[in-house]
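Heads up, the thing below is written out as structure tokens.
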Amino acid sequence: MNIVIRNIIRVLVILFFQVFIITRIPPLHQFIVPYFYFVLIIWLPFKVTRVNLMLIGFAVGSVMDWFFKTPGLHAAASLLISYLRPFVVSLLLPKESTEWGNEEPTTQSMGSASYGTYILIMTLFHHFYLIFLEWLQFGSFLYLIGKLFATTIISLLLILIADLFFNRNSKLR
């Protein structure tokens, strides 16, 4: 399947899953809010330029803001990870972008340790910024740390489960 068509289908499925299934789970909404949509930015091919990453990140974050009725919170967090993604990838995998082609970040393309570190770092950046912007309204530092820890754990579990369902096998070299 063409990469563009595959990514469009992935966007629709993940946004539908985030908006209409994950947010409807009642027991998690007291303290834990699982966010999964940002995986759309994390799973983009390595070859995507920073400008395109920023545009995609803004679009995904704006859609989430529209559904959650949060003015700019998700767009800001998505823009942050869109901007930081090339830096994190180059720290974990010091190869030139011309070597990657259209490969996506997977355990096969990055190695399991690098992929796990990549997912953890990007999840922490996204969640810390999003929860920090929300925390500015409440002011309890324990609330910030507790919600960051709990939300990150749940989101990492969702990402690992989604890795099993989405066929994201990159060709090994």
Side-chain angles (χ1 to χ4, degrees), residues 6-46 48 53 56-57 59-61 63-70 73-85 87-89 91-93 103-135 138 140-170:
R6 188 174 65 208
N7 281 328
I8 289 172
I9 291 170
R10 185 185 300 163
V11 165
L12 294 175
V13 168
I14 289 175
L15 289 179
F16 178 82
F17 185 71
Q18 174 73 48
V19 172
F20 295 111
I21 295 174
I22 292 178
T23 58
R24 305 285 188 230
I25 302 172
L28 297 178
H29 286 280
Q30 298 301 321
F31 192 68
I32 300 170
V33 181
Y35 297 114
F36 181 66
Y37 68 90
F38 68 96
V39 80
L40 294 169
I41 300 162
I42 293 173
W43 283 352
L44 285 172
F46 291 116
V48 177
L53 275 172
I56 292 168
V60 168
V63 168
M64 288 292 96
D65 283 332
W66 187 72
F67 278 111
F68 290 136
K69 296 179 180 34
T70 54
L73 291 177
H74 295 280
S78 296
L79 278 172
L80 176 70
I81 64 168
S82 297
Y83 181 76
L84 294 176
R85 181 179 182 252
F87 293 123
V88 173
V89 168
L91 283 174
L92 293 173
L93 301 170
E103 289 185 36
E104 298 173 344
T106 61
T107 54
Q108 289 86 14
S109 66
M110 296 177 74
S112 58
S114 294
Y115 180 70
T117 305
Y118 168 70
I119 292 295
L120 178 67
I121 290 171
M122 298 304 285
T123 303
L124 282 173
F125 273 126
H126 178 269
H127 288 4
F128 177 76
Y129 195 66
L130 184 66
I131 293 169
F132 177 73
L133 290 175
E134 179 185 318
W135 173 70
F138 298 111
S140 172
F141 185 71
L142 292 176
Y143 174 83
L144 171 75
I145 298 301
K147 188 166 183 174
L148 176 65
F149 179 72
T151 302
T152 300
I153 295 294
I154 293 297
S155 295
L156 287 173
L157 286 173
L158 284 174
I159 291 170
L160 293 176
I161 291 169
D163 265 341
L164 298 173
F165 287 111
F166 283 100
N167 185 11
R168 299 182 341 99
N169 294 331
S170 295

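Applying the ring-ring contact (aromatic ring centres under 6.0 Å, His included) criterion to Phe68, with sequence neighbours excluded, gives His74. For Ile145, the side chain to side chain contact (heavy atoms under 4.5 Å, CB included) partners are Phe141, not counting sequence neighbours. In terms of the side chain to side chain donor-acceptor pair (under 3.5 Å) criterion, Thr117 has no residue partners (sequence neighbours excluded). Partners of Leu79 under the side chain to side chain contact (heavy atoms under 4.5 Å, CB included) rule, at least two apart in sequence or in another chain, are Met54, Phe58. Residues forming a side chain to side chain contact (heavy atoms under 4.5 Å, CB included) with Ile56 (at least two apart in sequence, or on another chain): Leu44, Val60.
Remark: side-chain polar atoms of Ser109 are paired, donor with acceptor, to backbone N or O of Glu104 under 3.5 angstrom.
Residues Phe38 and Ile159 meet the side-chain proximity criterion, which asks for heavy atoms closer than 4.5 Å. For the pair Met64 and Val19, the minimum side-chain heavy-atom distance is below 4.5 Å.
Of all the heavy atoms in Ile41 and Ile81, the pair that sits closest is CD1-CD1, 4.0 Å. Among all heavy-atom pairs drawn from Ser78 and Gly57, the shortest one is CB-O, 3.1 Å. Across Phe36 and Leu158, no two heavy atoms sit closer than the pair CE1-O, 3.6 Å.
Each of Asp163, Thr107, Thr106 was compared with Tyr115 under the side-chain hydrogen bond (donor to acceptor under 3.5 Å, both in side chains) criterion, and only Asp163 meets it.
The CE atom of Met110 sits 4.0 Å away from the CG atom of Leu93 when rounded to the nearest 0.5 Å. Atoms CG and CG, on Leu40 and Leu12 in that order, are 9.5 Å from each other to the nearest 0.5 Å.
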* **Chi angles and distances behind the side chain to side chain contact (heavy atoms under 4.5 Å, CB included) call for Phe67, Leu15** => CA-CA 10 Å; Phe67 278 111; Leu15 289 179; over 6 Å; no

Acceptor/donor pairs from residues 118-130 side chains to any protein atom, 3.5 angstrom cut, sequence neighbours excluded:
from: Tyr118; atom 1: OH; to: Ile42; atom 2: O; distance (Å): 2.8
from: Tyr118; atom 1: OH; to: Arg85; atom 2: NE; distance (Å): 2.9
from: Thr123; atom 1: OG1; to: Ile119; atom 2: O; distance (Å): 2.7
from: His126; atom 1: NE2; to: Tyr37; atom 2: OH; distance (Å): 2.9
from: His127; atom 1: NE2; to: Ser155; atom 2: OG; distance (Å): 2.8

